[in-house]
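So you know, we letter chains A, B, ... as the sequences are listed, proteins then strands, and number each from 1.
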Number of protein chains: 2
Amino acid sequence: MATGANITADDVAAEAGVSRWTVTRAFRKDASISAKSRAKVMQAAERLGYVPDLRAASLASDRSNLVALLVDDFANPHKLVMMERLTRVMRRKGWDTLLVNTLDKADTGPALLNASQRRVDAVILIGLQFDDDVLAAAQHARRFSKLIVFARSSQKPDTISIAVDDVQAMRDIAAYVDAQGYRRPFFVAGPRTSSAHLLRKETFIDYWQQTHGLRPDCVNVAAYDPALSGAVVETALKDRARADLPDVLVCENDALAIGAIDTLRHRLGLRVPGDIAVTGFDDIPQADSLNYQLTTYRQPLDEMADYLVEVLDSREDRDMNRLFRGAIVRRDSA
Amino acid sequence: MATGANITADDVAAEAGVSRWTVTRAFRKDASISAKSRAKVMQAAERLGYVPDLRAASLASDRSNLVALLVDDFANPHKLVMMERLTRVMRRKGWDTLLVNTLDKADTGPALLNASQRRVDAVILIGLQFDDDVLAAAQHARRFSKLIVFARSSQKPDTISIAVDDVQAMRDIAAYVDAQGYRRPFFVAGPRTSSAHLLRKETFIDYWQQTHGLRPDCVNVAAYDPALSGAVVETALKDRARADLPDVLVCENDALAIGAIDTLRHRLGLRVPGDIAVTGFDDIPQADSLNYQLTTYRQPLDEMADYLVEVLDSREDRDMNRLFRGAIVRRDSA
DNA sequence: TTGTAAGCGTTATCAC
DNA sequence: GTGATAACGCTTACAA
């Protein structure tokens with residue numbers, strides 16, 4: 001076990017009969033080194049089982065090639081999709097990922113401190129509890145140069161936001177629902193309270209007021225949790241007369257939508273989309289299942305991830321916020 | 001931004017009027033240091049915005065307090081549950097997590113190398129493609145002392161396996177299904193091929209042969225993917241006469257079970273559990289949804305995670321494999 | 001193209 | 001209880 005522990009570049013240098021610095025060079029793609037030297041070094045390294053120590057490299061160069069990924073809400077399946085995509089793209093480009101589970105809202109500060117101690121080059125936030133005020137309060141712990149908010153828009157200065165254009169997206173959804181002929185929309189919103197979070201809901205309501213002069217009903221669910229969403233929807237709808245029921249539930253994301261569908265079908269005895277249509281947001285894998293066939297909105301995650309590594313690589317200091325445009329994924333639910 | 005970059009222990013020492021080593025001591029829980037000195041140091045550190053550099057600490061002490069988590073199958077929702085649990089428990093105990101997305105089967109070696117370069121104290125494998133042969137081939141890249149296989153049993157020496165007792169678990173499930181009166185069982189297995197992976201399937205078949213003298217039908221699904229599972233089940237059952245259909249589908253895990261349920265209901269027009277019952281394994285969040293109410297088997301993840309950190313903390317070299325016993329979670333699907 | 005020497009910010013060891 | 005000093009393994013000038 002632990003084959004050849006503590007083999008250093010010096011050992012390899014001795015074995016290959018060169019200097020330590022030449023060993024280092026051999027391990028870099030760019031480097032002015034003769035093919036012969038490199039071969040000699042590589043063979044010696046192989047023989048000895050040398051593995052460069054990135055801690056030391058990072059300490060000396062002040063670049064860690066490490067990025068902290070702060071995640072708070074592991075209940076939403078979309079998190080898994082994002083984590084897969086981000087770690088895949090980053091690893092391909094030479095960035096390692098420090099996964100930090102932000103235990104609860106109060107833990108944001110400690111989590112950032114954690115990342116700082118590892119001297120990560122950047123911190124990526126994917127989550128919902130990272131309100132701008134939380135971020136502001138936690139900023140003093142910063143010892144990294146880039147704070148990136150992924151898949152959520154943020155107004156905070158000193159922060160790079162890579163997200164879908166919520167206003168555009170929700171207008172697309174509203175227009176789609178409208179075009180399908182639904183006239184009694186009902187919005188199922190998530191737990192967000194700060195202004196940056198209300199964009200989807202507000203956009204949807206605005207659209208409806210402007211085009212049809214009516215204000216859609218809304219409910220707020222305290223977490224992006226399907227079961228909770230179902231409970232809230234049930235409470236809101238169970239005592240309504242059939243004629244008073246909405247004809248479409250527009251949900252802030254798929255997790256809420258799926259919980260809503262389950263409740264409509266299994267608690268309220270309604271058909272989806274027969275009696276009530278439902279839309280989501282995110283296009284999680286489940287949305288494509290036979291059972292849900294959820295009409296939803298897909299963010300261009302690949303593009304967003306590619307841009308993310310571009311940001312990581314960049315040394316620029318200009319504004320790097322970027323909004324992307326996704327597309328409706330039309331299925332049977334609406 | 002990057003408030004007070006490069007504040008080191010020396011700076012704090014100067015500010016507080018003590019030596020660097022005293023600063024270090026102040027930051028440890030155990031330490032022979034006077035309360036007065038500590039207070040002085042902490043104030044100075046606060047004033048300067050000092051954040052200890054864990055890279056340097058790790059380099060000097062040869063303990064990184066970093067653990068690599070290798071994940072290969074992001075399609076299974078259970079992965080999200082495990083990641084949450086592990087990162088939560090580890091973080092509470094002072095262990096940071098390096099998340100490595102094992103891109104494909106051939107990437108196992110490079111992924112381990114990646115971890116080695118960061119000098120992680122241990123590597124945890126949660127995934128299915130980590131066959132024992134892959135592990136063996138990749139071992140030469142080891143530069144960490146502990147290789148832990150989590151939630152999957154492994155026969156490999158030099159490896160610590162923390163898992164549920166598959167034989168015991170599958171016997172429990174088989175006995176349950178038997179006691180419920182089902183007599184035409186059908187097993188839906190995952191993609192695993194090596195012997196360590198076949199435990200659940202073999203145990204189930206053995207049980208049935210010994211107790212009823214019959215060999216249940218089986219299908220293999222090439223990935224733990226609900227859609228794929230559904231397709232395989234559909235192919236296997238669609239041409240059968242009603243009387244030839246199984247009365248229960250015992251699935252190797254919940255992902256397969258959920259895909260199977262969708263297909264039974266939406267493709268084959270069967271009721272679950274009315275016409276065919278279904279069982280799963282893992283108890284993923286979805287299993288408890290109104291739509292599935294899946295009878296499944298829960299692994300004692302908290303206990304397992306607690307034991308994991310115990311293993312991480314341990315300096316012992318004895319055999320640390322451990323099998324846990326879970327419990328059936330009885331719901332409506334069987 | 002290659003080598004030398006001085007850091008990088010801690011911890012460990014040993015004195016005091 | 002506290003303080004020097006030598007590692008730890010690499011990178012970065014700069015010199016050869």
Using a heavy-atom cut-off of 4.0 Å to chain B, what are the terminal contacting nucleotides of DNA chain C, in 5' to 3' order?
-> C:dG9 to C:dT13
Residues in side-chain contact (heavy atoms from CB on, under 4.5 Å) contact with B:T87, at least two apart in sequence or another chain | A:F74, A:L99, A:N101, B:T97
Would you please name every residue forming a side-chain hydrogen bond (donor to acceptor under 3.5 Å, both in side chains) with A:D62, sequence neighbours left out?
-> none
According to the ring-ring contact (aromatic ring centres under 6.0 Å, His included) rule, which pairs have a member within residues 27-47 of chain A, sequence neighbours left out?
-> A:F27-A:Y50
Report, as a single string ordered 5' to 3', how protein heavy atoms within less than 4.0 Å touch nucleotides 5-16 of chain D: B base, S sugar-phosphate only, - not at all.
-> ---BBBBBB---
Set of side-chain contact (heavy atoms from CB on, under 4.5 Å) partners for A:E303, sequence neighbours left out | A:P300, A:F324
For the helix from C:dT1-D:dA16 to C:dC16-D:dG1, how many degrees between its two end axes (five pairs per end), to the nearest 10°?
-> 30°
Using 4.0 Å as the upper bound for N to carboxylate O, is an ion pair formed by A:R118 and B:D96?
-> yes
Pairing residues for B:R92 by the salt bridge (Lys or Arg N to Asp or Glu O under 4.0 Å) criterion, not counting sequence neighbours = none
Which residues satisfy the salt bridge (Lys or Arg N to Asp or Glu O under 4.0 Å) test with B:R322, sequence neighbours excluded?
-> none
Tell me, please, which residues at least two apart from B:R318 pass salt bridge (Lys or Arg N to Asp or Glu O under 4.0 Å).
-> B:E316
When the side chains of residues 14-22 of chain B are checked against the rest of the protein, which donor-acceptor pairs come out under 3.5 Å, sequence neighbours left out?
residue, atom, partner, partner atom, Å
B:E15, OE2, B:R47, NE, 2.8
B:E15, OE2, B:R47, NH2, 3.0
B:S19, OG, B:T22, N, 3.3
B:S19, OG, B:T22, OG1, 3.1
B:R20, NE, B:D10, OD1, 2.8
B:T22, OG1, B:R25, NH2, 3.1

Taking only residues two or more places apart in sequence, or in another chain, which ones meet B:D306 in a salt bridge (Lys or Arg N to Asp or Glu O under 4.0 Å)?
-> none
